Protein chains: 2
Amino acid sequence: MIDKRDHIINKAIELFAVKGFEGTSIRDLAAAADVNVAMVNYYFGTKEKLFDALIERKAVTSRGSLEELVKDKTLSGIEKIDRIIDIYVERLFTHRQFHRVIQQELITDRRETLTQSIVQAVFPNAIAIRTIIETAIKNNEFKKIDVQLTIATLIGTINQVLLSQKYCLKLLEKGPDYIPYDDPKFKKRVIDHIRQLMRDHLLKK
Amino acid sequence: MIDKRDHIINKAIELFAVKGFEGTSIRDLAAAADVNVAMVNYYFGTKEKLFDALIERKAVTSRGSLEELVKDKTLSGIEKIDRIIDIYVERLFTHRQFHRVIQQELITDRRETLTQSIVQAVFPNAIAIRTIIETAIKNNEFKKIDVQLTIATLIGTINQVLLSQKYCLKLLEKGPDYIPYDDPKFKKRVIDHIRQLMRDHLLKK
DNA sequence: ATTAATTAATTAAACGCTTGTTTAATTCAA
DNA sequence: TTGAATTAAACAAGCGTTTAATTAATTAAT
């Protein structure tokens with residue numbers, strides 16, 4: 001075992017993703033992580049601070065790489081959008097449990113400060129996408145569409161597929177044993193769909 | 001006061017929508033509804049049965065009217081899609097608190113049976129949309145696109161805007177006092193965006 | 001290198017509080 | 001007078017957290 005704090009955080013993500021923050025007790029977590037109940041408070045102080053640490057810890061690892069894309073001069077607007085879709089789907093599928101935890105917090109809005117810090121952490125991505133689209137509109141490559149809601153569509157489509165597994169399976173007409181998020185074919189299918197959608201919506205005909 | 005059960009259910013939706021199911025105590029609810037704590041259990045038995053009753057009660061009222069649209073012979077495919085977007089946005093914006101409660105339950109997947117019953121209740125809408133799109137594809141009105149994921153985009157866009165208010169406000173560059181869901185201009189904006197998006201994606205050029 | 005001192009990690013137990021729920025007594029309505 | 005509605009109080013269980021004692025690991029001194 002490398003770092004016990006990380007070990008606890010990882011187990012917390014697993015449990016929070018399934019049962020939610022309030023739905024997961026410290027005793028549940030301690031049992032799952034195979035540590036004494038008091039260790040959680042020993043390392044993190046309180047349950048809420050554990051959550052903060054969890055956000056802090058994992059938000060850092062999944063940041064970056066979109067800003068460079070914005071500056072890139074060699075790619076066209078639609079090529080950049082394609083790359084963004086790649087990165088986004090790949091990232092959110094890989095860290096989908098962490099993503100669920102974050103989105104649950106965003107939706108329930110349990111604590112003002114935490115929600116704000118999540119928004120702060122996630123929002124630069126939206127800014128990057130906006131810049132790319134607006135630049136391409138000025139360059140006459142893209143149509144003049146509703147940029148903000150187009151971003152909502154981009155992210156909303158992925159969220160719709162990722163957040164509610166039961167509904168997703170029903171939509172795909174698959175049995176309860178099929179886990180689409182582990183299926184690279186499905187990942188490709190999502191990428192292809194959003195790419196086509198954005199081409200249709202953004203590019204001039 | 002007409003019916004005390006309904007009164008409690010309505011208050012429960014308000015509180016669950018903001019603080020979530022686990023985050024709302026029966027004492028909180030009793031205080032908000034201005035009834036004795038024991039009344040909740042008296043009327044509903046347990047907290048979980050209250051939730052079941054809540055779903056049952058409100059799911060019925062928001063059903064119907066999409067099936068007729070499917071059968072309609074006078075409207076074209078894209079006209080039907082336009083109508084669906086109208087109905088959906090209108091319905092979800094109006095009952096957005098109840099919608100939040102349902103979506104939270106879908107995401108957290110707290111109880112197998114309840115999640116399934118929600119899926120059962122919500123899914124006919126997806127079926128209706130699918131039928132309309134598939135028919136229009138056969139009629140050569142629509143392109144051959146990924147029907148299932150297109151539905152995910154349709155619903156996902158609305159959810160993205162509805163579920164996380166803080167993120168939505170940030171995206172729209174509005175202050176914390178602005179409540180977009182009460183603004184008819186914003187509702188129209190969402191409808192216009194999704195309509196344009198679906199036209200671009202579905203119609204042949 | 002070994003021992004002593006100091007700090008960190010771990011534990012079981014308990015604390016106080018909140019939770020959902022039930023009881024038993026009382027009020028109200030038919 | 002009978003049954004439903006309402007109440008304050010109590011219940012047991014679970015919660016997050018703290019305590020105090022013990023073990024492990026690290027550092028300092030001999």
Side-chain angles (χ1 to χ4, degrees), chain A residues 1-57 101-102 104-105 108-115 117-118, chain B residues 1-57 101 104-105 108-115 117:
Chain A
M1 196 171 302
I2 314 159
D3 182 12
K4 212 153 195 172
R5 288 175 57 96
D6 279 9
H7 176 64
I8 294 176
I9 284 181
N10 289 333
K11 284 290 174 186
I13 291 177
E14 283 181 29
L15 298 195
F16 289 170
V18 177
K19 306 270 281 175
F21 177 78
E22 332 257 6
T24 306
S25 74
I26 290 192
R27 283 170 180 82
D28 288 343
L29 172 56
D34 200 31
V35 297
N36 188 279
V37 248
M39 295 309 292
V40 179
N41 294 79
Y42 176 77
Y43 278 120
F44 301 98
T46 69
K47 193 185 177 187
E48 299 236 310
K49 283 184 191 167
L50 159 66
F51 198 99
D52 294 345
L54 184 154
I55 299 292
E56 176 82 16
R57 186 78 176 75
V101 175
I102 281 189
Q104 281 184 38
E105 183 62 30
T108 55
D109 199 6
R110 207 180 315 111
R111 281 158 54 211
E112 177 80 19
T113 55
L114 183 51
T115 306
S117 76
I118 292 178
Chain B
M1 197 169 301
I2 314 160
D3 183 11
K4 211 152 195 173
R5 288 176 57 97
D6 279 9
H7 176 65
I8 293 176
I9 284 181
N10 288 333
K11 284 291 175 186
I13 291 177
E14 284 181 29
L15 298 195
F16 290 171
V18 177
K19 306 271 281 175
F21 177 78
E22 333 257 7
T24 306
S25 75
I26 291 193
R27 283 170 180 81
D28 289 343
L29 172 56
D34 200 30
V35 297
N36 189 279
V37 245
M39 295 309 293
V40 178
N41 294 79
Y42 176 76
Y43 278 120
F44 301 98
T46 69
K47 192 185 176 187
E48 300 236 310
K49 284 183 190 167
L50 159 66
F51 197 99
D52 295 343
L54 184 154
I55 300 291
E56 176 82 16
R57 185 79 175 76
V101 175
Q104 281 184 36
E105 183 62 30
T108 54
D109 200 6
R110 208 180 315 111
R111 282 157 53 210
E112 177 80 19
T113 54
L114 183 51
T115 307
S117 76

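Computed from a prediction, not measured in an experiment: that's the story for all the values here. Per chain, numbering begins at 1; letters A, B, ... match sequence-line order.
Within the structure, a side-chain polar atom (N or O) of N41(B) is placed less than 4.0 Å from OP1 or OP2 of dT21(C). Phosphate contact (OP1/OP2 of dC15(D), side-chain N/O of S25(A), threshold under 4.0 Å): present. Contact check, Y42(B) against dT6(D): no side-chain N or O comes under 4.0 Å of OP1 or OP2.
Residue-level contact check: Y43(A) touches the backbone only, with heavy atoms under 4.0 Å from sugar-phosphate atoms and none from bases.
With dA12(C), dA8(D), dT17(D) as the choices, the nucleotide that has an atom nearest any side-chain atom of N36(A) turns out to be dA12(C). Closest contact between the side chain of R27(A) and the listed nucleotides dA9(C), dT21(C), dA14(C) involves dA14(C). Listed candidates were dT17(D), dA5(D), dT10(C). Nearest to the side chain of M39(B) is dA5(D). Side-chain proximity of A38(B) to the nucleotides dA12(C), dT7(D), dA9(C) is greatest for dT7(D).
If V35(B) and E22(A) are placed on DNA chain D by their nearest nucleotide, the residue sitting closer to the 5' end is V35(B).
Rounding to whole angstrom units, CG of residue L15(A) and P of dG16(D) are separated by 12 Å.
To the nearest 0.5 Å, the span separating CZ on F21(A) from CG on L15(A) amounts to 12.5 Å.
A side-chain donor-acceptor contact under 3.5 Å links N10(A) to the backbone of D6(A). Between the R57(A) side chain and the I9(A) main chain, no donor and acceptor come within less than 3.5 Å of each other.
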